[in-house]
> 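Attaching a single structure in structure tokens format; questions to follow.
The sequence lines fix the lettering, A, B, ..., with proteins before strands; numbering per chain opens at 1.
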Amino acid sequence: MRRLGPSTEGFYDQLLKSCNFLASLRQIHSSLTTSGLINQALHLGAKIIIKYTTYGEPNTARSLFNSIHNDKSYSFLWNTMIRAYANNGHCVETLELYSTMRRSGISSNSYTFPFVLKACASNSLILEGKVVHGDILRTGFLSDSYVQAALVDMYAKCGQTDDGCKVFDEMSVRDLVSWTVMITAYEQAEKPEEALILFQKTQQEGLLSDSVTIVSVASAVGQLGDVLKAQAVHGYAICNAFLEDLCIQNSIVAMYARCGNVEKARLVFDMMEKRDLISWNSMLTGYIQNGQASEALLLFDEMQNSDCKPNPVTALILVSACTYLGSRQLGRKFHGYIINSNMKIDATLRNAVMDMYAKCGDLDTAENMFNDIHPSERNVSSWNVLIAGYGMHGHGRKALEFFSQMLEEGVKPDHITFTSILSACSHAGLIDEGRKCFADMTKLSVKPEVKHYACMVDMLGRAGCLYEAFDMIKQMPLPPNDSVWGALLLACRIHGNTEIGEIAANYLFQLEPEHTGYFVLMSNIYAASNKWREVGKLREDMKNKGLKKPAAFSVIEYGKDIQGFHTADRVNPYWKEVYKKVESMAVEIKMAGYMPDLSCALHDVEDEDREHMLNYHSEKLAVAFGIMNLTPEAVIQVTKNLRVCNDCHSAFRFISYIYRRKIIVRDANRFHHFEGGTCSCNDYW
DNA sequence: TTAGCCCCAG
């Protein structure tokens, strides 16, 4: 065999460094094989193994590995192959190779374990991780800081933060990475306060953070939603010259958005010199999280003109924006875009598209998509989407059918399935079926959570079984939260029960003193029984606490555009015409027998004024806009962010009859299809 | 004699 000098090795080293393509890598590989150098300078072989794997050729890498790892006592190449697998998501192969390595008597070292642990961490393989932990103890590598950090990370990613914390606490020396791992662990476990306390400690110990730490800290602050802390992190990044880092910029954009300051997020975004996919997706998500879906859509147009092309995550964000807006038309457009862009549609994205169709009122398309999925590829979320979709439309029976079919096909329901099926029963008034499903939960080994009790209380309460609902709360094995009492309060509103309503409201005012919705509900109950003194007292309370009724907002599709209306909107460019229309419609439907439901107007004023105020509810403005601008055969579809009010519900029945229009309203809870004077919910909602 | 642990969009 011909020996080549070190200068030749250096030459190949350089060549490999600058090699960016699979084709040139193959050339270098073959030239090294011909020269025989690959068997002598193993670090070159190692580099090729790594490159093949990152270029998506793990099998080629493995063949190379198999052909050159002739010295059995030499762990370097094994470590290389394990590293290549682990860093490219080939988790099974990593563990398989590690196991072969052990069986072959090759000793692991401090370079082996971090990658094996990474593979366990990325697939939440806690059992395998624990075995590796045992191996580390046996081989005496627990004192290595890289191994320790990887171990803490593995436990954290497998959801065992406490075990990770134990390893962390037992470390004698902690470097920045171990601190960061622990900070990230708390952040990922949604314990942002703990994460920030640890960050404080790194500062006290005089450790200089790196960009990874700051990203995690920014994430934690985002979870906390504290704008002041967000500004502090932003300032820290500026002072320590971290702001050049793209990851940091992205995390700051996301942080501000999650703290509700989407304007500040946009400011940071606009100042960025370079933007990657994550920058765009973070900003888009920020708009969606803050209810500014139309801003998100504008930004998407900008994104398409940029050098960053949308990926499946972008698609997911946009589809969820359409779901939020209730815009089937836009949703369809994006669905088309997704198909045409040839992006990879995974189960999550497909389910999101189905959910969009279901929640935008197009159940047929949702169901067709579901039927197109091969039964073996339907996961629990696919079923959940359909069950929830049918439930929202009041098709309780259909939801129950899907639920049975799901069980027949051997798909195990989860907590979301039961939330969906119970609320489906609730909307359809199927209380016996609902009771049965609730009883089946334990049999199907899904433990009832507070939200399931809330569904039951809602179902029983709506059906008028107020005392049974109340008893259920009293007998709950878990402490009832605001959604449970809120369901009872809503039921009291529907059935006009002041007495139980007051009990529920008292709990709610303690549990959620800032939540205006409960004050509004209770004052509605008082208003319905003409207890204006109590209404006034509640209003006074709200005023003293500085609470305001959350802004109602309704959206209607119009051509390629979307029009949004607030209550008593004077910002929408068409408000004057729309006001005239609602006023004239009120006159016409009154002649057909519509009676304004004055209890829906919160204010303690003269009846005539209250009646007048009802006209300008956001959903009425949106429907009036639809009648004025859409062709007579077009369906008027409106999405409202809160629950549709009683008076609007009654008015829409009359409007659908007199104007011969199909009106579909999606509110915070469900769909209402108005046609010929009736609503699909049969006034049961 | 060569290699590494932790991060941002969903």
Side-chain angles (χ1 to χ4, degrees), chain A residues 9 13 16 41-47 49-50 74-84 86-87 109-118 121 141 144-154 156-157 164 167-168 171 174-188 195 198 202 209-222 237 242 245-255 257-258 265 268-269 272 275-289 296 303 308 310-321 346 348-349 351-352:
Chain A
E9 282 183 35
D13 234 358
L16 276 171
L42 286 183
H43 67 278
L44 291 179
K47 281 179 185 157
I49 286 173
I50 298 281
Y74 196 46
S75 53
F76 167 57
L77 267 184
W78 289 81
N79 287 347
T80 304
M81 194 64 236
I82 285 177
R83 171 159 68 115
N87 280 342
N109 61 22
S110 61
Y111 290 97
T112 321
F113 296 119
F115 297 109
V116 180
L117 288 168
K118 184 178 181 159
F141 282 101
D144 183 273
S145 71
Y146 286 81
V147 175
Q148 288 167 332
L151 202 50
V152 175
D153 187 55
M154 183 277 293
K157 290 225 167 72
V167 178
F168 180 77
M171 290 168 67
R174 301 184 189 96
D175 61 6
L176 179 69
V177 175
S178 13
W179 281 99
T180 308
V181 167
M182 206 56 232
I183 291 172
T184 310
Y186 278 126
E187 181 261 315
Q188 297 283 326
L198 282 193
T202 64
S209 309
D210 68 0
S211 63
V212 184
T213 323
I214 303 303
V215 167
S216 281
V217 169
S219 255
V221 171
F242 282 132
D245 190 311
L246 187 59
C247 292
I248 299 245
Q249 291 174 325
N250 291 343
S251 67
I252 287 177
V253 169
M255 172 181 72
R258 292 188 75 180
V268 176
F269 178 83
M272 290 169 70
R275 298 184 191 97
D276 65 1
L277 246 172
I278 296 183
S279 327
W280 288 95
N281 288 348
S282 302
M283 197 59 235
L284 286 169
T285 305
Y287 279 127
I288 308 295
Q289 281 166 347
M303 179 182 185
C308 244
N311 73 344
V313 176
T314 322
L316 205 64
I317 296 166
L318 292 169
V319 168
S320 72
D346 65 358
T348 313
L349 181 55
N351 288 339

> If you apply the rule side chain to side chain contact (heavy atoms under 4.5 Å, CB included), what do you find for A:T184 with A:D153, and how did you get there?
CA-CA 9 Å; A:T184 310; A:D153 187 55; 5.8 Å; no
> For A:A150, answer base if it contacts any base atom (sugar-phosphate contacts may also be present), sugar-phosphate if it contacts only those atoms, and nothing otherwise; contact means non-hydrogen atoms under 4.0 Å.
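Counting heavy atoms under 4.0 Å across all strands, no contact is made by A:A150.
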> Checking all strands, does A:S219 fall into the base, sugar-phosphate, or nothing category for heavy-atom contacts under 4.0 angstrom?
sugar-phosphate
> Contact boundaries of DNA chain B with chain A (under 4.0 Å, heavy atoms), 5' to 3'?
B:dT2 to B:dG10
> Over all heavy atoms of both residues, which pair between A:D346 and A:L349 is shortest? Give the atoms and the distance, please.
OD1-N, 2.9 Å
> What residues from residues 275-285 of chain A pass a heavy-atom cutoff of under 4.0 Å to DNA chain B?
A:I278, A:N281, A:S282, A:T285
> Where do A:M272 and A:L246 land on the side chain to side chain contact (heavy atoms under 4.5 Å, CB included) test, with the steps shown first?
CA-CA 8 Å; A:M272 290 169 70; A:L246 187 59; 3.5 Å; yes
> Which residues pass the salt bridge (Lys or Arg N to Asp or Glu O under 4.0 Å) test with A:D13, not counting sequence neighbours?
A:K47
> With a 3.5 Å cut-off and no angle check, do the side chains of A:N250 and A:S282 form a donor-acceptor pair?
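Their side chains do not contain a donor-acceptor pair, so the 3.5 Å distance test is not met.
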> Please determine, by modelled atom types, if A:T348 and A:N351 share a side-chain donor-acceptor pair under 3.5 angstrom.
no
> For A:F168 and A:W179, run side chain to side chain contact (heavy atoms under 4.5 Å, CB included): C-alpha distance rounded to whole Å, both residues' side-chain angles, the deciding distance at 0.1 Å, then the answer.
CA-CA 8 Å; A:F168 180 77; A:W179 281 99; 3.7 Å; yes
> When we call it a touch if two heavy atoms are under 4.0 Å apart, what does A:V181 touch: a base, just sugar-phosphate, or nothing?
sugar-phosphate
> Does A:N79 reach a base, just sugar-phosphate, or nothing at all? Heavy atoms under 4.0 Å.
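A:N79: base contact, heavy atoms under 4.0 Å.
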> Base, sugar-phosphate, or nothing: which does A:F115 touch, judged by heavy atoms less than 4.0 Å apart?
sugar-phosphate
> For a side chain to side chain contact (heavy atoms under 4.5 Å, CB included) check, start with the C-alpha distance between A:Q148 and A:S178, then their side-chain angles and the critical distance, and finish with the verdict.
CA-CA 8 Å; A:Q148 288 167 332; A:S178 13; 6.0 Å; no
